[in-house]
Amino acid sequence: MNDLEHVRLKKMHQLKAAGEEPFPRRVSRSHYTSEAIEAFLAASEGEVVEVSVAGRLRSIRKMGKITFAHIEDAKGRLQLFFRANDVGTDQLKLFNETFDLGDFILAQGGMFKTRSGEITLRVAGFKMLAKAIAPLPAAKEEIIDGERVVHAAFANPEARYRQRYADLAVNPQVREIFRSRARIIRALREFLDQRDFIEVETPILQPIYGGAAARPFVTHHNQLHQDLYLRISFELYLKRLLVGGFERVYEIGRDFRNEGVSFKHNPEFTQLEFYMAYADYRGIMDIAEQLVAYTAEKAAGSKVIQYQGHTIDLSPPWRRLELRSAINEYAKIDIADYATADSLRKAMIAQGNEPSQSSTRGKLIDSLISNYVEPSCIQPTFLYDYPRDISPLAKSKPDDLNTVERFEGFIGGMEICNAFTELNDPFDQEQRFKEMARDYTPEDEERHPTDEDYLRAMRYGMPPNGGFGLGVDRLVMLLCDCKTIREVILFPHLRSKED
RNA sequence: GGGCCGUUAGCUCAAUUGGCAGAGCAGGUGCCUUUUAAGCACUUGGUUACGGGUUCGAUUCCUGUACGGCCCA
């Protein structure tokens with residue numbers, strides 16, 4: 001405990017000695033701060049508006065026998081005016097000596113307007129609601145031409161993420177990101193609910209992982225003596241539900257991938273997946289662009305957004321590019337000319353790339369997308385028709401068995417979504433699992449293990465359907481103009497560190 | 001995994017060639033009855049992330065570790 005905390009602890013004891021409880025149980029608040037101001041504005045001349053408000057002390061200005069302060073609650077800020085004539089000399093002294101920035105307090109009295117024009121609460125009575133022992137990272141603010149200017153704001157990224165509670169407490173714009181995030185998720189649900197989708201919950205602990213190319217986290221059930229995986233996607237469970245007779249299902253939840261951390265990757269992240277019977281990837285494309293545009297409109301107020309200096313128009317229809325021509329355009333390689341991994345690798349090396357020696361053709365193509373195409377897709381773009389070997393759950397094109405009916409959506413240079421005409425042929429699916437076993441080394445954890453139960457489900461009959469996955473965190477990044485995923489996840493993953 | 005950069009008071013940041021580690025805010029003691037980054041005076045606060053090394057002397061130079069940031073894979 002540092003000196004500042006010792007001082008506050010002493011004040012807490014001083015409060016107790018004066019008969020005040022530093023952490024009382026019950027609070028009687030009548031108004032949010034914003035409501036108190038509205039009530040004052042709505043009142044007629046001379047009418048006294050009595051309120052009691054609760055919040056955290058964010059500024060204190062002591063001026064002898066009067067003190068000004070601001071409290072902040074969920075709806076805004078309100079200035080408090082303490083005057084010896086109103087609260088009594090002893091009470092003012094108690095406030096000045098034992099109340100600090102960061103304390104939660106209740107204040108009651110009548111509303112009025114100060115000489116400088118600020119609508120303010122003339123405090124008649126007040127009490128401590130929760131004493132803050134640790135000082136919040138102090139920042140001072142001023143309003144210049146209506147703009148809030150913060151001085152010495154709490155800005156150290158590591159400290160902000162490790163102590164997100166302090167970050168949220170002192171940085172209102174951070175709280176606003178998470179309000180937007182909630183609006184975005186609400187809009188996604190609304191859109192799907194309006195179209196007869198039902199929301200479901202499927203297992204997070206899975207005996208066999210699948211549905212994406214990713215390394216899983218492994219855990220263990222002690223009593224069952226069984227290893228379990230934290231899901232890397234919801235796909236295989238949601239499609240089992242189509243077998244069960246639900247035609248439109250979706251889930252919003254957490255996926256876990258045991259991979260690197262970057263500005264757009266967190267080990268746990270939020271995913272939306274939906275599956276729709278009797279739709280193919282073309283139909284899903286139409287819905288995907290509508291879903292994102294609807295969400296932007298609902299949560300950000302417009303289909304046109306600003307992202308990292310770019311103006312991005314999310315209005316449908318989005319640009320649609322065949323994957324082959326996109327790679328040809330941005331990487332200057334026509335993948336149709338290179339039917340094998342080896343020939344494609346040589347072509348990539350000839351252009352100065354350093355592709356991995358063990359990669360399949362599909363993985364090489366994937367790296368061309370990431371390196372050349374993705375960064376160029378600032379305006380919303382669908383790339384469609386992907387290589388078979390990196391898409392083991394997608395149905396192939398009728399005229400080209402090595403290409404599947406799959407698309408990915410890119411916005412702001414980031415992959416946002418992924419979808420395909422889902423494979424519903426149990427024999428073809430079994431073949432795909434075998435191909436994975438053949439083409440991927442056993443150590444390659446991106447290899448899908450064969451899921452026999454999933455194959456059994458498919459043998460009962462799965463309606464033709466289209467499926468869709470959306471990175472919710474990345475959508476929030478776009479709509480909130482955040483450069484890193486850590487800004488949109490409340491408690492992003494950081495290495496452990498002893499304080 | 002690799003490269004570069006960073007870590008100094010509660011917060012935001014300084015510190016000349018290697019020579020007593022500073023400021024603003026916050027905190028403390030006073031003055032102050034309409035302030036709002038209130039003001040004025042005085043003032044407390046540091047194992048310079050951690051461990052080695054070079055040196056008469058290290059925040060500064062070298063090295064290792066931890067954590068973070070940016071870029072690359």
Side-chain angles (χ1 to χ4, degrees), chain A residues 1-11 14 57-72 77-89 92-93 95-103 112-123 132-163 166-167 169-171 215 259-265 308 348 352-359 363-364 366-368 370-371 375 483-487 492-499:
Chain A
M1 191 171 275
N2 63 39
D3 290 349
L4 297 176
E5 291 171 337
H6 277 119
V7 168
R8 286 173 176 234
L9 201 59
K10 211 174 118 194
K11 291 178 176 180
Q14 196 180 337
L57 280 168
R58 292 306 310 277
S59 70
I60 300 174
R61 292 175 294 282
K62 298 172 190 174
M63 307 183 56
K65 297 195 173 52
I66 61 170
T67 292
F68 288 94
H70 276 94
I71 60 164
E72 182 175 76
R77 287 190 177 202
L78 178 65
Q79 181 166 256
L80 306 181
F81 176 60
F82 298 79
R83 195 170 59 150
N85 309 37
D86 302 323
V87 295
T89 313
L92 183 64
K93 187 162 176 280
F95 181 84
N96 285 341
E97 288 183 352
T98 63
F99 283 57
D100 288 297
L101 295 177
D103 292 351
F112 78 113
K113 193 182 265 186
T114 63
R115 274 179 210 163
S116 54
E118 181 163 347
I119 296 168
T120 299
L121 174 64
R122 185 190 307 278
V123 177
I133 303 303
L136 285 170
K140 282 212 163 191
E141 310 175 359
E142 62 181 322
I143 308 296
I144 298 175
D145 300 332
E147 290 285 308
R148 182 171 155 270
V149 179
V150 182
H151 302 271
F154 184 43
N156 179 284
E158 182 177 359
R160 284 183 51 232
Y161 301 142
R162 286 191 197 280
Q163 298 190 42
D167 184 29
V170 302
N171 291 322
R215 301 175 61 185
E259 294 171 346
V261 176
S262 83
F263 75 96
K264 52 183 178 181
H265 295 92
Q308 303 297 302
M348 290 169 69
N353 295 285
E354 293 173 8
S356 144
Q357 283 304 312
S358 59
S359 289
K363 282 194 180 184
L364 293 173
D366 209 32
S367 75
L368 287 173
S370 307
N371 294 333
K483 199 182 170 196
T484 83
I485 198 169
R486 289 182 292 270
E487 290 295 334
H493 180 77
L494 296 176
R495 275 178 216 270
S496 304
K497 182 175 156 187
E498 292 188 14
D499 285 325

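By convention in this document, chain letters (A, B, ...) are assigned in the order of the sequence lines, proteins followed by strands, and residues within each chain are numbered from 1.
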Quiz item: To the side chain of A/Ala152, which of B/A37, B/G24, B/U36 is closest?
Solution: B/G24
Quiz item: How many angstroms lie between atom CD1 of A/Ile60 and atom CZ of A/Phe95, to the nearest 0.5 angstrom?
Solution: 4.5 Å
Self-check item: Dot-bracket notation for RNA chain B, counting Watson-Crick and G-U pairs under 3.5 Å, with | for partners on another strand
Solution: (((((((..((((.....[..)))).(((((.......))))).....(((((..]....)))))))))))).
Quiz prompt | B/A66 and B/A15, which share atom name C1', separated by this distance in whole Å | solution = 26 Å
Exercise. To the nearest 0.5 Å, tell me how far A/Phe82 CZ sits from A/Leu121 CG.
Key: 8.0 Å
Quiz prompt | Summary of protein contacts for nucleotides 64-73 of chain B, nucleotide by nucleotide, where a base hit scores B, a sugar-phosphate-only hit scores S (4.0 Å, heavy atoms) | solution = ---SSSS---
Exercise. Answer with base, sugar-phosphate or nothing: what part of the nucleic acid does A/Ala153 contact at a heavy-atom distance below 4.0 Å?
Key: sugar-phosphate
Exercise. Tell me which of A/Arg122 and A/Leu101 sits closer to the 5' end of RNA chain B, going by the nucleotide each one is nearest to.
Key: A/Leu101
Quiz prompt | Under 4.0 angstrom between A/Arg61 side-chain N/O and B/U35 OP1 or OP2 | solution = no
Self-check item: NZ/NE/NH1/NH2 to OD/OE distance under 4.0 Å, A/Glu158 and A/Arg162
Solution: yes
Quiz item: May A/His151 be described as stacking on the base of B/G24, applying a 5.5 Å centroid limit and a 30° limit on plane angle?
Solution: no
Quiz item: Say you pick atom C1' in B/G69 and the same atom in B/U35; how far apart are they, in whole Å?
Solution: 40 Å
Practice problem: Please tell me which of the listed nucleotides, B/U36, B/U33, B/C11, lies nearest to the side chain of A/Lys65? | Solution: B/U33
Self-check item: Value rounded to 0.5 Å, distance of OG1 in A/Thr98 from NZ in A/Lys10
Solution: 12.5 Å
Quiz item: Between atom NZ of A/Lys65 and atom CG of A/Asn85, what is the distance when rounded to the nearest 0.5 Å?
Solution: 10.0 Å
Practice problem: Determine the Euclidean distance between corresponding C1' atoms of B/U16 and B/A21; express it in Å to zero decimal places. | Solution: 14 Å
Quiz item: Which value, in whole Å, describes the distance between the P atoms of nucleotides B/C40 and B/C25?
Solution: 8 Å
Practice problem: For the side chain of A/Phe68, starting at C-beta, report the closest nucleotide among B/U34, B/G27, B/U33. | Solution: B/U34
Quiz item: Rounding to a whole Å, what distance do you find between A/Gln79:CD and B/U34:P?
Solution: 13 Å
Exercise. Using modelled atom types only, decide if a donor and an acceptor are shared between the side chain of A/Glu487 and the backbone of A/Thr484 within a distance under 3.5 Å.
Key: no
Quiz item: Where do A/Ser370 and A/Pro375 come nearest, in terms of heavy atoms and distance?
Solution: O-CD, 3.3 Å
Practice problem: Answer yes or no: side-chain N or O of A/Glu142 and base N or O of B/U36 forming a donor-acceptor pair under 3.5 Å. | Solution: no
Self-check item: Side chain of A/Ile66 (C-beta onward), nearest among B/G27, B/U33, B/U35
Solution: B/U33
Quiz item: So what does A/Ser116 hit on the nucleic acid, given a heavy-atom distance under 4.0 Å: a base, only sugar-phosphate, or nothing?
Solution: base
Self-check item: Closest-nucleotide ordering on RNA chain B, the 5'-leading residue of A/Lys62 and A/Lys11
Solution: A/Lys11
Practice problem: Look at all strands and tell whether A/Ala155 reaches a base, only sugar-phosphate, or nothing, counting heavy atoms closer than 4.0 Å. | Solution: sugar-phosphate
Quiz item: Between A/Leu364 and A/Pro355, which heavy-atom pair has the shortest distance, and what is it?
Solution: CD2-CB, 3.5 Å
Quiz item: Any chance the side chains of A/His70 and A/Glu118 put a donor and an acceptor closer than 3.5 Å?
Solution: yes
Quiz item: Between the side-chain atoms of A/Ser59 and the base atoms of B/U36, is any donor-acceptor pair under 3.5 Å?
Solution: no
Quiz item: Which nucleotide in the list B/U12, B/G27, B/G10 gets nearest to the side chain of A/Asn2?
Solution: B/G10
Quiz item: What interatomic distance, in whole Å, is found between P of B/C20 and the corresponding atom of B/C4?
Solution: 31 Å
Quiz item: Mind checking the P distance from B/U44 to B/G24? Whole angstroms is fine.
Solution: 13 Å
Quiz prompt | Options B/A37, B/U34, B/G28, nucleotide nearest the side-chain atoms of A/Lys140 | solution = B/A37
Quiz item: Does A/Asn2 use its side chain to pair, donor to acceptor, with the backbone of A/Leu4 at less than 3.5 Å?
Solution: yes
